[in-house]
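The structure under discussion appears below in the form of structure tokens.
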Amino acid sequence: ITTFGKFADPLADKILVLATMLILVEDGKLPAWIPIIVLFREFVVSGYRLIAVEKGGKVIAANIWGKIKTVTQMIAIILAFLDLSYFGAFLFEGLTGYGLVINVLASSLMFISTIAAIFSGIDYLKGSKKLFQ
């Protein structure tokens with residue numbers, strides 16, 4: 001464990017996830033507003049964590065919303081690469097069997113991860129009130 005590793009590892013994870021989401025957007029499998037929300041949340045949370053460390057030396061642990069976001073996001077991304085159709089459980093024209101199941105699961109999990117990202121960001125913003133006083 002190094003200082004560089006503590007900085008680079010989370011950054012590399014975020015870059016990998018967002019790059020993968022952009023590939024899905026390019027392929028027409030994911031609407032662009034989802035990675036925009038995720039990117040905004042990542043900037044807010046990373047900024048909050050940096051300020052917390054600088055002002056009080058306090059390391060902010062991930063909250064439950066962030067953990068839900070990560071798990072559902074990773075599973076949804078994997079399923080999206082397995083699915084040959086477009087994002088959205090309601091866009092399953094001609095899909096049957098496993099294709100339909102994968103599409104519905106990927107769509108549902110991506111939606112859940114996006115909602116969790118929003119709640120996680122809100123939770124961090126609530127906690128940041130004390131930091132800026």
Result of checking Leu109, Leu30, Thr20 against Ile77 for side chain to side chain contact (heavy atoms under 4.5 Å, CB included): Thr20
Drop me the distance from Leu22's CG to Leu39's CG, to the nearest 0.5 angstrom. 8.5 Å
Side chain to side chain contact (heavy atoms under 4.5 Å, CB included) between Val38 and Gln73, worked out: CA-CA 10 Å; Val38 172; Gln73 195 174 61; 3.6 Å; yes
Applying side chain to side chain contact (heavy atoms under 4.5 Å, CB included), run through Met74 and Val17 and close with a yes or a no. CA-CA 8 Å; Met74 296 298 175; Val17 167; 3.2 Å; yes
Between Ile37 and Thr114, what is the shortest heavy-atom contact and its length? CD1-CG2, 3.9 Å
I'd like to know if the side chain of Ser113 and the backbone of Met110 have a donor-acceptor N/O pair within less than 3.5 Å. yes
Would you compute the distance between atom CD1 of Ile78 and atom CD1 of Ile102 and round it to the nearest 0.5 angstrom? 12.0 Å
Going only through I, L, V, M, F, W and Y residues with side-chain contacts under 4.5 Å, is there a path from Ile36 to Ile118? no
Is Ile34 linked to Ile23 within one hydrophobic cluster, defined over Ile, Leu, Val, Met, Phe, Trp and Tyr using a side-chain heavy-atom separation of less than 4.5 Å? yes
Do Phe81 and Leu18 belong together in a cluster built from hydrophobic side chains that touch within less than 4.5 Å? yes
Can any side-chain N or O of Asp27 pair as donor or acceptor with the backbone N or O of Lys29 at less than 3.5 Å? no
If you measure from NZ on Lys126 to CZ on Phe119, what distance do you get to the nearest 0.5 Å? 9.0 Å
Could you state whether Leu79 and Val101 fall into the same hydrophobic cluster, counting links through intermediate Ile, Leu, Val, Met, Phe, Trp or Tyr residues with side-chain heavy atoms under 4.5 angstrom apart? yes
If hydrophobic clusters are built by linking Ile, Leu, Val, Met, Phe, Trp and Tyr wherever their side-chain heavy atoms come under 4.5 Å apart, do Met21 and Leu16 end up in the same one? no
Minimum-distance pair of heavy atoms, taken over all atoms of Ala76 and Ala106: CB-O, 3.7 Å
Minimum heavy-atom distance between Asn63 and Ser120, given as atom pair plus value: OD1-OG, 3.5 Å
How long is the gap from CZ on Arg41 to CG on Asp123, to the nearest 0.5 Å? 10.0 Å
